[in-house]
Amino acid sequence: MMKRKKALFLILIITFIFAVCGCEGKEPAVSPTQTLTAVQTAISPTPSPRLSAAQTSAPKLPLKTTQPDIVDSVQTALPQETSAPAPEQSQQPKTSSHDAGTVRVRPGDTLEKDIIPEICEAFSLSENEVKSIMENCEDSKIIHDTLTDFRRMEGIIIPGKYEIAQDESLAQHVNIWIQAAEKRYDTIASAIRETNNLKPHEQLCLASVIEWECLPNDYYDEVASAFLNRLDDGAKLRSCATTEYALGYTRPYLTSEDIKISSKYNTYSVKGVPIGPICAMEDDCLRAAIAKKTDGSIYYFFNDYALKEILSFSNYEDFKQAAAVSRELYDKTFDIDPFAKVNKKQVFKYDQ
């Protein structure tokens, strides 16, 4: 009996459960996980793209706020490196661009007439630019302290041919020429057993005067002796060459007015050697100007254009008589006004 009652009770319970399920059973049961997924889908209707394994394992990049600083610094540096000059370039004196060229210097050449025009062409510079650079050249024992203009470089450049490379600086060459002139002076002076008492810059001046006077390219010792004897006596050099340099032109014979020109180069009016050299000179002229005089008796001389010789004398009367004879020979030989402004080397065909 008891067993039947228990079985009946179980049947009633089961029937009740199916009845409840039948009233609520149109929606499927939702698990907690499914509910969470549904909430996320409602918040983010568009699903995020999935990252690859490489992307998920890669280290995080710096924040974007630091990146522009890196990029900007690189981009800013590039134009500066390509356009801004280096510090040492900005401190160098401005020079004009030029092609390769040549500067030729011959014995007897002067800066203004002969050398500067070639320098202007070789360096593509104006005359004023060249003179300014020469004016600011370095000091030297062979340059007189009181020389302040471009003539500081007069007589300094050794005769020769100078090849100028493209875009080379004239200022550099000027200092190189000075150093070469100092070396030449030292070499010649050291080879001379006895030198005179003139200072190096005075000897260079005297050498240039000897060069200009000796048109026949000879008689250097005789002319040097005549000048050194005058200097020892405290007399004026009275060199026509120095007067011609001051005048800016040459004549076969200077006039009485010519020798009155007021100039520190005119040795008819100033004592001693001129303030600076008057032309480029060759080694033999410099050697004669550094050494002691070879003849203590020579005091006068002149250049005979017809004979192409320099005649020297100890006595003034002998000098005057020979000069008169030479003048007559000139008039017979040349159809050239003795007071004409001419290039004597060209007109009288002296070797250049």
Side-chain angles (χ1 to χ4, degrees), residues 108-114 151 154-155 202 205-216 219-220 222-279 281 285 289 297-350:
D109 277 359
T110 64
L111 287 176
E112 202 152 28
K113 283 191 172 183
D114 308 300
R151 288 185 173 85
E154 190 75 89
E202 293 174 326
C205 289
L206 182 59
S208 69
V209 176
I210 294 170
E211 177 70 59
W212 196 315
E213 291 280 6
C214 294
L215 291 176
Y219 307 97
Y220 304 129
E222 291 84 350
V223 173
S225 293
F227 285 140
L228 289 170
N229 285 330
R230 294 180 194 180
L231 291 173
D232 287 344
D233 288 350
K236 294 177 181 178
L237 289 187
R238 299 175 69 85
S239 164
C240 293
T242 63
T243 304
E244 290 172 331
Y245 182 82
L247 290 168
Y249 54 80
T250 62
R251 305 181 195 268
Y253 295 92
L254 293 178
T255 68
S256 58
E257 290 300 315
D258 287 338
I259 63 176
K260 293 178 183 178
I261 183 173
S262 177
S263 170
K264 292 182 179 179
Y265 287 93
N266 181 18
T267 56
Y268 272 90
S269 59
V270 298
K271 278 191 175 184
V273 297
I275 189 173
I278 62 174
C279 66
M281 78 291 300
C285 290
S297 66
I298 299 176
Y299 211 83
Y300 309 98
F301 70 90
F302 67 84
N303 177 43
D304 189 297
Y305 298 108
L307 299 177
K308 291 189 178 180
E309 294 179 358
I310 288 182
L311 307 179
S312 54
F313 308 86
S314 300
N315 182 278
Y316 182 64
E317 291 301 321
D318 293 341
F319 164 76
K320 283 179 61 179
Q321 291 179 10
V325 173
S326 177
R327 175 58 188 277
E328 291 179 2
L329 184 58
Y330 175 91
D331 292 335
K332 292 179 180 179
T333 306
F334 304 105
D335 186 20
I336 302 171
D337 183 346
F339 303 110
K341 298 176 184 178
V342 297
N343 183 322
K344 293 189 287 188
K345 280 194 172 184
Q346 292 179 354
V347 169
F348 300 118
K349 296 181 173 54
Y350 287 103

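All values below were derived from every heavy atom in this structure, side-chain atoms included, with hydrogens, water molecules and symmetry-related copies excluded. Quick caveat, the model's predicted, so the values are computed rather than measured.
- Around the NZ atom of Lys344, the shell of radius 6.0 Å holds more than 12 heavy atoms that belong to other residues, nucleotides or ligands.
- Considering only residues two or more places apart in sequence or on other chains, Asp304 meets the side-chain hydrogen bond (donor to acceptor under 3.5 Å, both in side chains) condition with Ser326.
- Interatomic distance, Leu215 CG to Tyr305 OH, rounded to the nearest 0.5 Å: 6.5 Å.
- Residue Tyr300 is tested with Phe313, Phe227, Tyr316 for a ring-ring contact (aromatic ring centres under 6.0 Å, His included); the sole match is Tyr316.
- Without hydrogens or angle criteria, Glu154 side chain to Leu111 main chain gives a donor-acceptor distance under 3.5 Å.
- Nearest approach of Arg151 to Glu112, heavy atoms of both residues: NH2-OE1, 3.2 Å.
- When every heavy atom of Ala246 is checked against every heavy atom of Ile261, the shortest pair comes out as O-CD1, 3.6 Å.
- Checking side-chain atoms of Thr267 against main-chain N and O of Ser239 turns up a donor-acceptor pair under 3.5 Å.
- For Arg327, the CZ atom counts as densely surrounded, since its 6.0 Å shell holds more than 12 non-hydrogen atoms of other residues, nucleotides or ligands.
- Annotation for Asn229 and Ser297: closest pair ND2-N, 3.9 Å, computed over non-hydrogen atoms.
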Solution key, residues 268-279 side-chain donor-acceptor pairs under 3.5 Å, sequence neighbours excluded:
{"unit_1": "Ser269", "atom_1": "OG", "unit_2": "Asn266", "atom_2": "O", "d": "3.0"}
{"unit_1": "Lys271", "atom_1": "NZ", "unit_2": "Gly234", "atom_2": "O", "d": "3.4"}

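- When all heavy atoms are compared, the tightest approach of Ile336 to Val347 is CD1-CG1, 3.0 Å.
- Checked by atom type and distance alone, the side chain of Ser225 never pairs as donor or acceptor with a backbone atom of Ile298 at under 3.5 Å.
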For this session: Would you sort out whether Phe301 and Glu222 count as a side chain to side chain contact (heavy atoms under 4.5 Å, CB included), showing the intermediate values?
Result: CA-CA 9 Å; Phe301 70 90; Glu222 291 84 350; over 6 Å; no
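- Proximity of the aromatic rings of Tyr253 and Tyr330 is defined here by a centroid distance below 6.0 angstrom, and this criterion is met.
- The structure places CD1 of Ile310 at 10.0 Å from CZ of Phe302, a figure rounded to the nearest 0.5 Å.
- Put simply, CG on Asn303 and OH on Tyr350 are 3.5 Å apart, with the number rounded to the nearest 0.5 Å.
- Using a 4.5 Å heavy-atom threshold, the side chains of Phe348 and Thr333 count as separate.
- Separating the CG atom in Asp232 from the OH atom in Tyr299 is a distance of 9.0 Å, to the nearest 0.5 Å.
- In terms of modelled atom types and a separation under 3.5 Å, the side chain of Arg230 and the main chain of Leu237 share a donor-acceptor contact.
- In this structure, the separation between CZ on Phe319 and CG on Leu311 is 10.0 Å, given to the nearest 0.5 Å.
- Atom-to-atom distance recorded for Leu247:CG and Ser263:OG is 8.5 Å, nearest 0.5 angstrom.
- Contact between Cys240 and Glu213 at its shortest, heavy atoms only, is N-OE2, 3.3 Å.
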